[in-house]
Protein chains: 2
Amino acid sequence: MTLRQVAERAGVSIRTVSNVVTGAVPVRDATRIRVEQAVEELGYRPNVAARRLRSGRAQAIGLVLPDVTVPYFREFADDVFAAARAHGLAVVVEQTRGDLDRERSVLADPRLRHVDGIVFASVALDRDDLAAMPPPGRPVVLAGASAFDGPLDAVAPDQYAAGHAVGDLFGRTGRSRPVIVSADSQRSPLQASARYQGFIDGLADHGVDFGDTGGGQAVLRSAAVTLEAGRAAVPTVLDRWPGVDAIFANADALALGVLRGLHDAGRRVPEHVALVGFGNVEYAAHSHPTLTTVDTSRAAAAQAAVKLILQRRDAALPAAPQHLDIGFTLVERESTGAGG
Amino acid sequence: MTLRQVAERAGVSIRTVSNVVTGAVPVRDATRIRVEQAVEELGYRPNVAARRLRSGRAQAIGLVLPDVTVPYFREFADDVFAAARAHGLAVVVEQTRGDLDRERSVLADPRLRHVDGIVFASVALDRDDLAAMPPPGRPVVLAGASAFDGPLDAVAPDQYAAGHAVGDLFGRTGRSRPVIVSADSQRSPLQASARYQGFIDGLADHGVDFGDTGGGQAVLRSAAVTLEAGRAAVPTVLDRWPGVDAIFANADALALGVLRGLHDAGRRVPEHVALVGFGNVEYAAHSHPTLTTVDTSRAAAAQAAVKLILQRRDAALPAAPQHLDIGFTLVERESTGAGG
DNA sequence: GTGAAAGCGCTAACAC
DNA sequence: GTGTTAGCGCTTTCAC
């Protein structure tokens, strides 16, 4: 079924059929109805490839993320699916496992060539990597923490402010021996991040010096962003910083593992140790105790990213990279002594 | 960058460049190297849309599933990504939430029009639905239990045999009061399924009559395939069938919830109650106790489905629907008294 | 508001 | 083994 066949059947030109189908140009009612009937009878469906070749629009976006196994990214994927759906866009998914080499090369992957733009949840790339990458040739929007002020478009919460909110929470609830559990890498250490800086500043506002926990810098690097990794981190934390009374885990999966680890170790949350995660995954509201965490506006980020891609594709935006702050919320729950 | 420009630069015809790029037709070494150099210098990348329009191949498949939130489907998605990757295919993901209407209409979704074929993990469609659907117009492979012998291609384990293996396990380990927890629907009740028939036959081989558990048919219908739903089902099970000594949960997520529910109720697994799940999700090997379950060869199914799509696309297969039995394994773990 | 026609970049049939 | 060429089905000037 082609436009031509429909045109013949309806006794109009191919142009008119196209106008009816795309809806871009108004068509006289009588003509339109005749065309619609022909379309219906012939079961005509536009050929996406031809349309794309001619128009340069794929009506599809790429979604690059580490792994749908990690709760946070799974939920983010969900949000991107919804946002894309709202714009009639298909979503091509590509996983990187958080692997640096994969993240470096993924934008050149032929399987992502036929998309209008890419939502890229990077976890391994730093500013230098991004600077070294060839221009992607189509809109790419970074989602999340990575290199917020780099050369690419980005949507993310204000990491400094988010860290600050957590530090402030610990400070104002009288915690003075905080420890951080983080899955950061050697390449982009937590200590270099705005989130970290915000955290210690937030503590300092209440006269708490992060150095005071003892044992040097109270940061434990976890091997992975998993429940198991979080759980496994606890004995080390308790051993190295026996006086710990608060833990900031840099991802909810980690935090939920820490929660279990603390339970195993006989420490009560929040009585002995306050606990805060990052990401506000669904399960954070269902754990026992429920988990205080930073909600990073995943859905808003997904929507903003998709919209940005569309705007760039349709050339409504200047070339300068956009960096959208999509906000965050500190969700206080039982793990820091809040009511629900 | 087009083929033409590369051809000019290399001093050959467009045809030769095409031959080099696709690798379909052998090209003399000297020529090939010259072309490759031109490709490199110009940074030429084939235009996917043009290629697809001309060749009719999208080099992409669709993956339709209920929800990447359900562990089983998340892991299946992982397997499909890997299989597609191995063939250089992109994957367009579409979620249905397991909703009947969505599943009925999803194959007509324009966002899935530009794919070579679709791997369809259906949970809601029954034989009549499938028969009533218009011919999809491109390869569609059902993955999982749904309508294995229907008009569409399908890859699935032998449901009767799988059910039988579980019934047999209960029977041979002396369980005589089994209960089933299932998230089946009114429309396609478990009792009509081969898996169920196999289960009761497996029990019968050891002289156990599934009717003997008392209280009518010992099947509890759960509202959803989630941990919470499994957990919530336990009090009802214990109330309705107090003598229960074995539970077959028709999905691992459910089983893991049941595991918790039994713990909450003070019943020990496997001492008081043996428990078997279905699907062998990753977490089944890490719960306490570890979960006995039916491994449905997800990876094999994913690979077979992708291969089938490719074969159909390239017309190497007759029109008759293929129904591939990809086997299963009963993985015995602690929840039925096995060692590991 | 509608028709005629060009051509997006590529593959493949046809020549040699 | 390579050149020439005809479209794949569509959008989009350019006319009227």
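Here is the naming used below: chain letters follow the sequence lines, and residue numbers restart at 1 for every chain. Only this structure's heavy atoms are used, side chains among them; waters, hydrogens and symmetry mates stay out.
Sequence neighbours left out, not one pair with a member in residues 30-66 of chain A passes ring-ring contact (aromatic ring centres under 6.0 Å, His included). The salt bridge (charged side-chain N to carboxylate O under 4.0 Å, His left out) pairs that include a residue from residues 60-74 of chain B are B:D67-B:R97, where partners are two or more places apart or lie in different chains. The ring-ring contact (aromatic ring centres under 6.0 Å, His included) contacts involving residues 103-126 of chain B comprise A:H114-B:H114, where partners must be two or more places apart or lie in separate chains.
Once you apply a 4.0 Å limit to the heavy atoms of chain A, the touched nucleotides of DNA chain D run 5' to 3' over D:dG9 to D:dC14. Along DNA chain C, the stretch of nucleotides lying under 4.0 Å from any heavy atom of chain A spans, 5' to 3', C:dG1 to C:dG9.
Other residues, nucleotides and ligands contribute more than 12 heavy atoms inside 6.0 Å of the CD atom of A:Q5. The number of heavy atoms from other shown groups lying within 6.0 Å of CD (A:E41) is above 12.
Under the side-chain contact (heavy atoms from CB on, under 4.5 Å) criterion, B:P110 pairs with B:R113, sequence neighbours left out. For B:R57, the side-chain hydrogen bond (donor to acceptor under 3.5 Å, both in side chains) partners two or more places apart in sequence, or in a different chain, are B:D314. B:D29 is linked by a side-chain hydrogen bond (donor to acceptor under 3.5 Å, both in side chains) to B:R32, counting only residues two or more places apart in sequence or in another chain. Taking A:Q59 as the reference, A:L89, A:D116, A:R313 meet the side-chain contact (heavy atoms from CB on, under 4.5 Å) condition, with sequence neighbours excluded. Shown here are the side-chain hydrogen bond (donor to acceptor under 3.5 Å, both in side chains) partners of B:R52, two or more places apart in sequence or in another chain: there are none.
Taking 4.5 Å as the limit, some side-chain heavy atom of A:V17 sits within range of a side-chain heavy atom of A:V12.
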Evaluation steps, side-chain hydrogen bond (donor to acceptor under 3.5 Å, both in side chains), between B:D78 and A:Q95 = CA-CA 9 Å; B:D78 235 44; A:Q95 299 193 139; 2.9 Å; yes

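Within residues 22-41 of chain B, the residues approached by DNA chain C to less than 4.0 Å at the level of any non-hydrogen atom are B:T22, in residue-number order. Of the residues in residues 1-12 of chain A, A:T2, A:L3 come within less than 4.0 Å of DNA chain D through at least one heavy atom, sorted by number.
If you check every strand for non-hydrogen atoms under 4.0 Å, A:R15 touches a base.
Considering all non-hydrogen atoms of both residues, B:A84 and B:V306 come closest at N-CG2, 4.3 Å.
For the pair A:N47 and B:V17, both in contact range of DNA chain D, the more 5′-proximal nearest nucleotide belongs to B:V17.
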